[in-house]
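Position 1 is the first residue of the sequence, and the numbers go up from there.
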Amino acid sequence: MSILLNLAAGLIFGLGLVLSGMANPAKVLNFLDVTGSWDPSLAFVMLGAIAVTAMGFRLVLRRPKPLLEQSFQLPGQSSIDGPLVIGSAIFGLGWGLFGFCPGPAITSLGLAATSTLVFVPMMLIGIAAAAVIRKRLGS
């Protein structure tokens with residue numbers, strides 16, 4: 001049952017990315033190009049997502065536990081540290097250079113666009129490299 005609910009959530013998420021234009025790197029890059037062909041429409045998508053998420057968190061966190069798990073898995077750290085800043089910078093570079101972040105990139109794999117076929121393997125290599133570095137640093 002849990003797998004089916006996760007599959008449904010993933011399909012809804014992917015559909016939302018496609019319908020909102022977030023899976024289209026050209027639309028994302030136009031949103032980031034504030035001095036050129038700026039397209040502000042994704043700002044409305046993001047504001048809508050923030051509003052829905054904020055309401056969802058308020059409702060869900062009132063429950064004593066999640067429906068399909070024994071406890072909530074919330075971040076234990078709230079401070080801004082070096083790994084957070086570095087990770088955010090790398091995320092921003094990937095988003096700015098390719099117009100993808102991880103969710104839309106995975107969603108766009110089905111299109112087999114060259115940029116997706118380059119971005120996703122590089123993203124996976126970056127994730128693996130970060131895991132190795134964190135392990136070596138003992139974090």
Side-chain angles (χ1 to χ4, degrees):
M1 182 67 159
S2 173
I3 291 175
L4 291 176
L5 289 173
N6 286 325
L7 177 63
L11 289 172
I12 291 169
F13 178 68
L15 182 63
L17 290 172
V18 171
L19 291 176
S20 68
M22 292 290 286
N24 179 356
K27 188 160 183 78
V28 172
L29 292 172
N30 283 338
F31 169 72
L32 296 173
D33 186 8
V34 294
T35 61
S37 56
W38 186 54
D39 178 1
S41 63
L42 290 186
F44 297 109
V45 171
M46 288 184 215
L47 289 172
I50 290 168
V52 169
T53 301
M55 289 186 292
F57 268 103
R58 288 189 69 132
L59 291 172
V60 168
L61 292 177
R62 287 183 187 165
R63 299 181 55 82
K65 68 182 194 104
L67 292 174
L68 302 174
E69 293 290 331
Q70 294 302 315
S71 64
F72 288 107
Q73 297 178 22
L74 301 173
Q77 180 178 334
S78 60
S79 62
I80 297 173
D81 60 1
L84 177 65
V85 172
I86 292 168
S88 299
I90 292 170
F91 175 91
L93 284 170
W95 205 40
L97 292 172
F98 285 93
F100 282 125
C101 59
I106 299 297
T107 300
S108 298
L109 271 176
L111 302 174
T114 304
S115 60
T116 308
L117 298 176
V118 170
F119 181 85
V120 171
M122 293 300 111
M123 176 183 74
L124 295 174
I125 289 168
I127 291 169
V132 169
I133 291 168
R134 288 183 69 87
K135 186 175 181 180
R136 286 193 180 167
L137 294 176
S139 307

Is [Y] reachable from [X] through a run of I, L, V, M, F, W or Y residues, each pair having side-chain heavy atoms under 4.5 Å apart?
{"X": "Leu17", "Y": "Val52", "answer": "no"}
{"X": "Ile133", "Y": "Met122", "answer": "no"}
{"X": "Trp38", "Y": "Val45", "answer": "yes"}
{"X": "Leu74", "Y": "Val60", "answer": "yes"}
{"X": "Leu124", "Y": "Ile90", "answer": "no"}

How many angstroms lie between atom [atom1] of [X] and atom [atom2] of [Y], to the nearest 0.5 angstrom?
{"X": "Leu84", "Y": "Gln77", "atom1": "CG", "atom2": "CD", "result": "8.0 Å"}
{"X": "Leu97", "Y": "Leu32", "atom1": "CG", "atom2": "CG", "result": "10.0 Å"}
{"X": "Phe57", "Y": "Arg62", "atom1": "CZ", "atom2": "CZ", "result": "14.0 Å"}
{"X": "Asn24", "Y": "Asp39", "atom1": "CG", "atom2": "CG", "result": "9.5 Å"}
{"X": "Leu61", "Y": "Phe72", "atom1": "CG", "atom2": "CZ", "result": "5.5 Å"}
{"X": "Leu42", "Y": "Leu47", "atom1": "CG", "atom2": "CG", "result": "11.0 Å"}

Judged by modelled atom types alone, do Ser79 and Asp81 share a side-chain donor-acceptor pair under 3.5 Å?
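No, Asp81 and Ser79 have no side-chain donor paired with an acceptor closer than 3.5 Å.
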
Side-chain donor-acceptor pair under 3.5 Å between Lys27 and Ser20, yes or no?
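Per modelled atom types, Lys27 and Ser20 side chains form no pair under 3.5 Å.
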
For [X] versus [Y], what's the shortest heavy-atom pair and its separation?
{"X": "Val120", "Y": "Leu109", "value": "CG2-CD2, 3.9 Å"}
{"X": "Trp95", "Y": "Val28", "value": "NE1-CG1, 3.3 Å"}
{"X": "Ala105", "Y": "Thr116", "value": "O-CG2, 3.5 Å"}

Heavy-atom side-chain contact between Phe31 and Met46 under 4.5 Å
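Answer yes - side chains close enough.
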
So for atom CZ, which belongs to Phe91, do other residues, nucleotides or ligands contribute more than 12 heavy atoms lying within a distance under 6.0 Å?
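Result for CZ/Phe91: enclosed.
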
Pairing residues for Phe119 by the ring pair (Phe, Tyr, Trp, His ring centres under 6.0 Å) criterion, not counting sequence neighbours:
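For Phe119 the ring pair (Phe, Tyr, Trp, His ring centres under 6.0 Å) partners, ignoring immediate neighbours, are Phe98, Phe100.
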
For Leu7, give me all partners under side chain to side chain contact (heavy atoms under 4.5 Å, CB included), at least two apart in sequence or on another chain.
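Partners of Leu7 under the side chain to side chain contact (heavy atoms under 4.5 Å, CB included) test: Leu11.
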
For Glu69, give me all partners under side chain to side chain contact (heavy atoms under 4.5 Å, CB included), at least two apart in sequence or on another chain.
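Side chain to side chain contact (heavy atoms under 4.5 Å, CB included) check on Glu69 returns Pro66, Gln73.
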
With no hydrogens and no angle check, is any side-chain donor or acceptor of Thr107 less than 3.5 Å from a backbone partner on Ala23?
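No; zero donor-acceptor contacts below 3.5 Å.
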
